[in-house]
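Because the structure is a prediction, the values reported are computed rather than measured.
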Amino acid sequence: MSTLPQSKSDLLSLPNEILAKICFEVATLRSYKYWDPFNPHHISNLRLTCRHLHVPATRELARNFLTIPTIMYSRSSLEHLVELCKHPLFGPHVVGVNFHTCRLSASIFDEITSCLHDSAHRGNLEDVKRRRKDLNNYLELYEQERDLDQSDEAEKLLAKALSLLHGYGKAPSISLPGISIKSSKDHRLGDPMRPWGYPKAVDKFLCTNGHWRVVMGPGQLSRPLMILLKSAVTSGVEISSLDLQMPDSWVEEAVPTELDLQIVCKALTALKTLRADLSNPFLLESLIEILQATLPHAGTLERVYLHGYDLRDDQSHLSLDDTSRLDLARMGSILQSCQSGALVQIKLECLDVRETDLLKLLEAHKHTLRALSLIKIVLDGCWTRFLFWIRENLSLEKLALLRLQNIYKPNLGEDTEILHTGWWLGGGFSAEGVSDIRSELYDILKLMERKRSGEEVSALEWEEYEIDYDEYCEIRAWFDE
């Protein structure tokens with residue numbers, strides 16, 4: 001029998017590198033639920049088991065689940081953000097903020113009072129008590145929202161959080177998601193889109209007739225954006241990326257005052273990437289005012305992604321008066337606001353654009369621009385002339401052209417302002433490399449010239465530019481890589 005001492009072998013005796021690897025595997029353990037593939041509860045529970053695992057597990061929790069926290073327009077949510085950024089282990093891992101624009105839905109009040117009326121009519125005392133609790137919850141949240149609206153508390157809390165990120169040397173990304181939030185246990189949204197303070201604001205409401213209600217409905221855009229920009233100016237933080245998604249709201253917003261625009265005009269001087277949803281005409285005027293005030297000062301802007309609402313879908317002819325797309329003049333004002341000397345990538349999708357405005361933008365950035373994507377663009381001008389200019393003047397490394405349309409007047413003899421659209425290129429193509437792009441442009445322009453002159457173009461030649469839905473999605477994703 002051996003007399004050698006037996007070494008103890010347990011989990012905590014393993015090297016720190018192995019423990020860190022174990023924590024990583026636990027944090028990235030996939031769930032069987034397709035709508036929630038990664039679950040923070042496993043690593044969150046592991047960090048509470050003992051002091052030895054607390055630090056590596058906390059790091060993995062922060063890296064995988066807390067880098068871009070999602071908050072909403074409520075005091076408790078904003079306070080949670082401040083506490084997160086202040087935390088010595090969590091705070092340094094925060095690199096961005098999702099600020100939900102949703103607000104308490106007015107329809108909830110009608111639904112609660114209707115249920116209360118029905119319960120009282122039936123004489124069901126227990127139901128009356130439950131509906132009264134819902135009504136009290138609604139009024140409490142309503143008062144909190146109004147208090148935030150009438151004070152600068154939200155701005156102060158955000159400025160404090162951004163100031164902490166600035167102290168870590170971070171230039172955060174900012175996103176304003178426009179989607180509504182559903183109540184209680186509708187997990188299809190997934191954890192990343194559940195704002196801090198969500199249960200306190202939403203899950204307290206009861207479910208009616210087994211259907212999940214939209215408790216936090218469409219909100220505003222310019223007001224939360226202005227709060228964020230003012231907070232950035234106050235904190236001194238530099239915003240690296242801005243993603244603006246339009247809420248599905250039908251209430252027009254007030255245009256920010258000239259004084260407010262002067263305060264925030266230099267809030268985006270360090271901006272690298274802009275993604276803006278321009279699909280809601282009710283919220284567009286105020287957003288344009290903010291972009292016109294801030295974008296001219298974004299001298300380091302490298303990537304611009306703008307998209308509208310694809311109302312036309314795949315219809316080949318439709319009156320512009322029947323759409324809610326961005327009008328041509330407004331689109332031109334946004335494009336001319338992009339005055340950066342470092343712009344390398346432009347992606348426009350589902351927008352109506354004047355050829356002159358687009359050419360001015362490309363001309364101003366032709367020495368830096370390396371990637372261009374035009375998807376479902378309706379051009380007020382001539383595609384042949386425009387693409388010929390691109391071929392002769394730009395040295396692009398990436399180009400994507402999909403489903404391009406023209407604007408035209410159906411009867412030139414009539415005194416009418418009604419404009420219609422028609423396909424110029426129903427399919428599309430993508431190309432990479434300067435020589436390949438110029439070759440592809442030469443081929444499509446030659447084909448269109450043959451078509452214009454009345455020469456017959458075979459189905460085989462057109463087939464090269466036909467794309468199915470999967471190819472369409474692949475080209476769009478390829479450009480975003």
Work out which heavy atom in [X] is nearest to a heavy atom in [Y]; give both atom names and the distance.
X: D277; Y: Q245; result: CB-CA, 3.7 Å
X: E349; Y: I377; result: N-CD1, 3.9 Å
X: L379; Y: R354; result: CD1-C, 4.2 Å
X: L369; Y: L396; result: O-CD2, 3.9 Å
X: I112; Y: R131; result: CG2-O, 3.6 Å
X: V304; Y: L301; result: CG2-CD2, 3.5 Å

Can [X] and [Y] be counted as an ion pair, charged N to O under 4.0 angstrom?
X: E153; Y: R75; value: yes
X: K360; Y: E363; value: no
X: E60; Y: R63; value: yes
X: K230; Y: D260; value: yes

Any side-chain heavy-atom pair of [X] and [Y] under 4.5 Å:
X: V94; Y: L164; answer: no
X: L284; Y: M246; answer: yes
X: D127; Y: L125; answer: no
X: L335; Y: V353; answer: yes
X: C338; Y: L361; answer: yes
X: I346; Y: S373; answer: no
X: L291; Y: S337; answer: no
X: I290; Y: P256; answer: yes

From [X] [atom1] over to [Y] [atom2], what is the distance, rounded to the nearest 0.5 angstrom?
X: S241; Y: D243; atom1: OG; atom2: CG; value: 6.5 Å
X: N124; Y: C115; atom1: CG; atom2: SG; value: 12.0 Å
X: Y73; Y: E145; atom1: OH; atom2: CD; value: 7.5 Å
X: K156; Y: L78; atom1: NZ; atom2: CG; value: 13.5 Å
X: I239; Y: K170; atom1: CD1; atom2: NZ; value: 15.5 Å
X: Y168; Y: S163; atom1: OH; atom2: OG; value: 10.5 Å

Pairs meeting criterion salt bridge (charged side-chain N to carboxylate O under 4.0 Å, His left out) with involvement of residues 76-90, two or more places apart
E83-K86
L244 vs R275, test: side chain to side chain contact (heavy atoms under 4.5 Å, CB included). Steps then yes/no.
CA-CA 6 Å; L244 306 174; R275 290 180 172 86; over 6 Å; no
Could I get the full list of ring-ring contact (aromatic ring centres under 6.0 Å, His included) partners for Y142, not counting sequence neighbours?
none
Determine all donor-acceptor pairs shorter than 3.5 Å in which one atom belongs to a side chain in residues 52-59; sequence neighbours excluded.
from	atom 1	to	atom 2	distance (Å)
H52	NE2	L12	O	3.3
H54	ND1	R47	O	3.1
T58	OG1	R47	NE	3.0
T58	OG1	H54	O	2.6

Donor-acceptor pair, side chain of [X] and main chain of [Y], under 3.5 angstrom:
X: S77; Y: S74; result: no
X: T101; Y: P177; result: yes
X: T113; Y: D110; result: yes
X: N64; Y: T28; result: no
X: T273; Y: R303; result: no
X: Q336; Y: D357; result: yes
X: T269; Y: A298; result: no
X: R51; Y: L48; result: no
X: S340; Y: G299; result: yes

Give the intermediate values and the outcome of side chain to side chain contact (heavy atoms under 4.5 Å, CB included) for residues T234 and E155.
CA-CA 9 Å; T234 302; E155 184 182 328; 4.1 Å; yes
From CA spacing to verdict: side chain to side chain contact (heavy atoms under 4.5 Å, CB included), L46, C23:
CA-CA 8 Å; L46 181 62; C23 291; 4.0 Å; yes
Check residues 217-227 and write down every donor-acceptor pair under 3.5 Å in which the side-chain atom is one partner and the other belongs to a residue at least two apart or another chain.
from	atom 1	to	atom 2	distance (Å)
S222	OG	E253	OE2	3.1
R223	NE	D149	OD1	3.3
R223	NH2	D149	O	2.8

If the condition is side-chain hydrogen bond (donor to acceptor under 3.5 Å, both in side chains), which residues does E355 pass it with, not counting sequence neighbours?
R385
Sole candidate of L157, L158, T70, L162 that passes side-chain contact (heavy atoms from CB on, under 4.5 Å) when paired with L81:
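Filter result, single survivor: L158.
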Tell me whether the count of non-hydrogen atoms from other residues, nucleotides or ligands lying under 6.0 Å of NE2 in H80 goes above 12.
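It does not: H80 NE2 has 12 such atoms or fewer within range.
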Surrounding CZ of R122 (heavy atoms of other residues, nucleotides or ligands, distance under 6.0 Å), is the total greater than 12?
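Yes, the 6.0 Å shell around CZ holds more than 12 heavy atoms from other groups.
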Mind jotting down which residue pairs meet the side chain to side chain donor-acceptor pair (under 3.5 Å) criterion with at least one end in residues 14-27? Sequence neighbours excluded, please.
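Of all non-adjacent pairs touching residues 14-27, those that pass side chain to side chain donor-acceptor pair (under 3.5 Å) are K21-E25.
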Run the numbers on F90 and L61 for side chain to side chain contact (heavy atoms under 4.5 Å, CB included), then give the verdict.
CA-CA 8 Å; F90 292 151; L61 177 64; 3.9 Å; yes
